[in-house]
Undergrad: 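Dumping the structure here so I can ask a few things about it.
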Amino acid sequence: MHRLSQLLLPTERQPPADAEALSHQLMVRAGLVRQLGSGLWSWMPAGWRIHQKVVDIIREEMDAAGAQELSLPVLQPRELWEKTGRDQIHELFKLEDRKGSEMVLAMTHEEAVTTHVAQIVKSYRELPFTLYQVQTKERDEPRPRAGILRTREFVMKDAYSFDRDDAGLDASYEAQTAAYAKIYDRCGVRWYRVESDVGMMGGAGAHEYMAPCAAGEDDIVLAEGYAANVEVATTTPSPAVVVEPIGAPEPVETPDAKTIERLAELLGIDASATMKAVAVVGPEGLVLVLLRGDDTVQETKLANALGGTHRPATEEEIAAAIGPAGYLGPIEMADPGTTVLLDLAVGDTEHVVGANKAGVHLRGVQPGRDFQARRVDVRAAKAGDTVDGKPVEIVPAIEVGNIFKLGTKYTEALGATFLDEDGKRQPIIMGCYGIGPARIVASTAEQCGDERGIAWPKAIAPWQVHVAGLGKPGSPEAEAAAKLAATLDQAGFEVILDDRAGGAGEKLTDAELLGCPLRLVVGRRTLERGEAEAQRRRGSVELDPISLDDPVPAVRAHLAAAP
RNA sequence: CGGGGCGUGGCGCAGCCUGGUAGCGCGCCUGCUUUGGGAGCAGGAGGUCCUCGGUUCGAAUCCGGGCGCCCCGACCA
C-alpha cells in the first residue's frame, strides 16, 4: 500500500504556461512527469508506475511471442554506424570520448544487435529467433514537442527478428503483429494499424500503430475496413463536376486568375473541372505535376513517385521550362521535353488548365488526347473521399509503434550471414518492431483525459483503488479509511491511501487528477452507515457503496466492471 | 532551417512603453479554528528580476551579445 502523505506527487492546480497539448497539461498537473530540458523529461513515482505497467505488458507479450530480452549499450562506436551509413542521420547524437574516439548515442539498436548476431550465428540451424530490448534511445530531434509526445530521450521496446528466408520473416512479422494487437488492447489505448510509408529504406512492408488523439502529429485515413497513413492512403475522390466538351483546346482570357478558386469563380465552373499544375524539382530535374483542381499534393506520395526528395521549383526555373507561374499547363510548355505527371484522379474528360501565357487558360483540354503524361497517385486523401464506397474520415494520430520488414540492409552491411543446407553463405533476413511506452501513456492521457484529470484504464493506472479518508489524521474517518486500504491491500489490490491532513476538496480533486479507476471515500456520513462511497473515475459514475465490514467482493466487482 | 512568442519566489502572472522602495493570486512555514469539493484568522519565510556587457547618479525597465524554453512550419532512419 502507498500513502499519499509519503508519496512525491507534485500536483499543480494550474498547468505550466508552455503546455499546449492536453496530455502535457494533465500529466504535469497530476504530478506524473517533470521537465528537465527541451525534450528531456523525468518521470515522478506515480508516472513511472504507469510507464512500467505498459512496459510489463509489452514484456509479457514479447515473451509470449517467443522473443528473448537482452540489453545493449546505448553508447556505441561510431564506426558501426558508418558501416550502415546511418552516421549521416542528423538526429544521431555524436560525441567523442576522452581518447578522441568517435562515439554515438544510439537512436535504435539495429547496428549493435546485428553485430552480435554476425559474431554468433553461423548456421541455418541457429535460425530463426527474435531478440528485444527495452532501453533508452537518444535522438537529437529538431523540435521536441507536446510534453512527453516527442522527446529527445525515451524508452523504446525494440525487437529484431532474424530469419533465413522471406517466408520466415513473414512468420516473425505475423507473430509480432499478433503480439502488438494484444499489447495495445491490454493497455486500453484506442489504436489503428495502418499501412505506412516504407520510405527510403525501401523495405518489403511496414505498418504503423497509430493512436488517434488531438495532439497527433500524423493524419490517418479511416473508413470501414480501411486504415492508412495519409502518406500512403489511396482513396476514391468524389466525382468531378465535368463541363460540356468542346472537342479541342481553346484559349480563354483569365486575367488575375492565378489560383484555382479565382479561376473556378471567374469561369463559373467547379474546381474539379480544372487541373492544378505544380512544378517541383526532383532527383531527375524539373517536373510538372497535374492534379484535379480540388486536390492537393501529398508530399510523401509525390516523393515516392519521383524516386527521391523534391523541392518547389523557383519562378525562374518554372518560367524557363514551362511558363509564367499561375498559368502553367501541359500544352506549349517553354521546354516541350519537360516531364509531366498526371494524378490518377484526373479523368479523361475536358478540363481547364493554364495556357503557359499570363492571363490565359485553355479549356477543353483532355488528357491522352491533347497531351501525354505519366499517370501517378500523388493526391492527398481528403474528407468526402470513399474506399470501396465507404466514406473516409481523416483524424490526427500519434505513432505508438511500428513494424518493418527490413530485409538484408543491416545484415549485409554488418556481415550477418549463415550457411544454408547446401553450405552456401546467405544474408540473414531481418525485421524490426518498435513500441514507445511513453507515447502509449501520453496518447492514453489524450484519449482518456477530461477537464479534471486522466481516467486511466485499469491495466495501466498507477493504482487500482484510491482510498480517501476525509477527516484529519487520527479522526474516525481517517482510521476507517486506513483500515479499508489495508484490507484491500492484503486482498491483493493496488491501493493508494490519501492519509494527508488536507481538506476534502483537495483530496477529491487530487484523486480525480491522478485518475485511478476506482475511488473510495470515507467521510463522516458514510462512516455512520459503515460504508465507503464508491465512484468509477471513467465517466464519474457513482457506484453502490462499499461495506467497510466486507469490502473485498464489492471492490472486486467494481473493478471488474471498470474499463 | 524559416517565422512568432516568452524568461520576475515552487506554480500562474503584473510591473518594462514613460529608469528611482520588486508586487499580486495560489502554494509553503508557525499557531488557533475548520473538515464532503482546493476553508478562515493572525503571524512568517522565500526572488543574483535567465546571463554577460553597455548607457546612466541610478537598470527588472533602455541598448547590444549570449543562453534557455514554448508555439507554427520544414524535418522526423
Undergrad: Whom does rG68(B) pair with, Watson-Crick or G-U wobble, provided both distances fall under 3.5 Å?
TA: rC6(B)
Undergrad: Using the C1' atom as the point on both nucleotides, what is the distance between rC11(B) and rG27(B), in whole Å?
TA: 7 Å
Undergrad: In terms of relative ring orientation, are His24(A) and Trp41(A) parallel, tilted or perpendicular, with 30° and 60° separating the classes?
TA: perpendicular
Undergrad: Between rG68(B) and rC75(B), how many Å separate the two P atoms, rounded to a whole number?
TA: 25 Å
Undergrad: Using the side-chain heavy atoms of Glu12(A), tell me which of these nucleotides is nearest: rG10(B), rC76(B), rC71(B).
TA: rG10(B)
Undergrad: Expressed in whole Å, how much space separates the P atoms belonging to rC13(B) and rC50(B)?
TA: 15 Å
Undergrad: Report the distance from atom CZ of Arg139(A) to atom C1' of rA77(B), rounded to the nearest whole Å.
TA: 8 Å
Undergrad: Nearest-Å distance, CZ (Arg145(A)) to P (rC69(B))?
TA: 17 Å
Undergrad: Establish, yes or no, whether a centroid distance under 6.0 Å links the rings of Tyr180(A) and Tyr209(A).
TA: yes
Undergrad: Scan every strand shown for a Watson-Crick or G-U wobble partner of rU56(B), both distances under 3.5 Å, and answer none if you come up empty.
TA: none
Undergrad: Using the side-chain heavy atoms of Arg150(A), tell me which of these nucleotides is nearest: rA77(B), rC69(B), rC76(B).
TA: rC76(B)
Undergrad: Just call it for Ala468(A): base, sugar-phosphate, or nothing, with non-hydrogen atoms closer than 4.0 Å on any strand.
TA: nothing
Undergrad: In this structure, how many angstroms lie between the C1' atom of rA77(B) and the CD atom of Glu208(A), rounded?
TA: 13 Å
Undergrad: What contact category does Thr84(A) fall into here, base, sugar-phosphate, or nothing, at under 4.0 angstrom with non-hydrogen atoms?
TA: nothing
Undergrad: Grab the two heavy atoms, one from Pro473(A) and one from Asp499(A), that are nearest each other, plus how far apart they are.
TA: CG-O, 3.9 Å
Undergrad: Is the NZ or CZ atom of Lys405(A) positioned over Tyr173(A)'s six-membered ring, under 6.0 angstrom from the centre and within 45° of the axis?
TA: yes
Undergrad: At 4.0 Å (heavy atoms only), tell me whether Gly37(A) reaches a base, stays on the sugar-phosphate, or touches nothing.
TA: sugar-phosphate
Undergrad: Using atom C1' in both nucleotides, what's the gap between rG73(B) and rU56(B) to the nearest angstrom?
TA: 43 Å
Undergrad: With rounding to whole Å, what would you report as the distance between rG36(B) and rC72(B) at their P atoms?
TA: 43 Å
Undergrad: Taking atom C1' in both rG12(B) and rG44(B), what distance in whole Å separates the two?
TA: 23 Å
Undergrad: Determine the Euclidean distance between corresponding C1' atoms of rC16(B) and rC6(B); express it in Å to zero decimal places.
TA: 14 Å
Undergrad: Ignoring backbone atoms, establish whether Ser38(A) has a side-chain N or O less than 4.0 Å from OP1 or OP2 of rC70(B).
TA: yes
Undergrad: Nearest whole angstrom, please: distance from the P of rG37(B) to the CG of Leu513(A).
TA: 17 Å
Undergrad: Any side-chain heavy atom of Arg139(A) within less than 4.5 Å of one from Arg152(A)?
TA: no
Undergrad: Using the C1' atom in both, what is the distance from rG9(B) to rC28(B), to the nearest Å?
TA: 11 Å
Undergrad: What's the separation between atom CG in Leu105(A) and atom CZ in Phe93(A), rounded to the nearest 0.5 Å?
TA: 7.0 Å
Undergrad: Can you tell me which nucleotide in rC71(B), rG36(B), rA77(B) comes closest to the side chain of Thr526(A)?
TA: rG36(B)
Undergrad: Name the closest nucleotide to the Ala504(A) side chain, picking from rG36(B), rC70(B), rC72(B).
TA: rG36(B)
Undergrad: For the pair made of CD in Glu141(A) and C1' in rC69(B), what is the distance, rounded to whole Å?
TA: 17 Å
Undergrad: Please report, rounded to the nearest Å, how far the P atom of rG73(B) is from the CG atom of Asp219(A).
TA: 11 Å
Undergrad: Below 3.5 Å, does any donor atom in the side chain of Glu533(A) face an acceptor in the base of rG36(B), or the other way round?
TA: yes
Undergrad: Assign each of Arg34(A) and Gly471(A) to its nearest nucleotide of RNA chain B by heavy atoms, then name whichever residue's nucleotide is nearer the 5' end.
TA: Arg34(A)
Undergrad: Which nucleotide wins on minimum distance to the side chain of Thr509(A), given the candidates rC11(B), rG36(B), rG37(B)?
TA: rG37(B)
Undergrad: Partner of rU34(B) by Watson-Crick or G-U wobble geometry, both contacts under 3.5 Å, or none?
TA: none
Undergrad: Taking OP1 and OP2 of rC71(B), is either one under 4.0 Å from a side-chain nitrogen or oxygen of Arg143(A)?
TA: yes
Undergrad: Any chance CD of Glu217(A) has more than 12 other-residue heavy atoms, nucleotides or ligands included, within less than 6.0 Å?
TA: yes
Undergrad: Does the base of rG38(B) carry an N or O that pairs as donor and acceptor with the side chain of Glu512(A) under 3.5 Å?
TA: no
Undergrad: Any strand counts, and the cut-off is 3.5 Å on both contacts for Watson-Crick or G-U wobble. Which nucleotide pairs with rG43(B)?
TA: rC29(B)
Undergrad: Looking only at the side chain of Pro142(A) (C-beta and beyond, no hydrogens), which of the listed nucleotides rA74(B), rC70(B), rG38(B) gets closest?
TA: rA74(B)
Undergrad: I want to check something: taking the side chain as every heavy atom from C-beta on, are Leu9(A) and Pro45(A) in contact at a cut-off of under 4.5 Å?
TA: no
Undergrad: Picking from rA77(B), rG36(B), rC69(B), which would you name as closest to the side chain of Leu470(A)?
TA: rG36(B)
Undergrad: Students often get this wrong, so: under 4.0 angstrom with heavy atoms, is Pro144(A) touching a base, only sugar-phosphate, or nothing?
TA: sugar-phosphate
Undergrad: The side chain of Met107(A) is closest to which nucleotide in this list: rU35(B), rG10(B), rA77(B)?
TA: rA77(B)
Undergrad: Tell me which nucleotide among rG36(B), rA77(B), rG37(B) gets nearest to the side chain of Leu508(A).
TA: rG37(B)
Undergrad: Whole-Å distance between rC70(B) P and Arg152(A) CZ?
TA: 9 Å
Undergrad: Counting only side-chain heavy atoms from C-beta out, which of rA74(B), rC70(B), rG36(B) sits nearest to Gln35(A)?
TA: rC70(B)
Undergrad: At under 4.0 Å between heavy atoms, what does Ser475(A) touch on the DNA or RNA strands: base, sugar-phosphate, or nothing?
TA: nothing
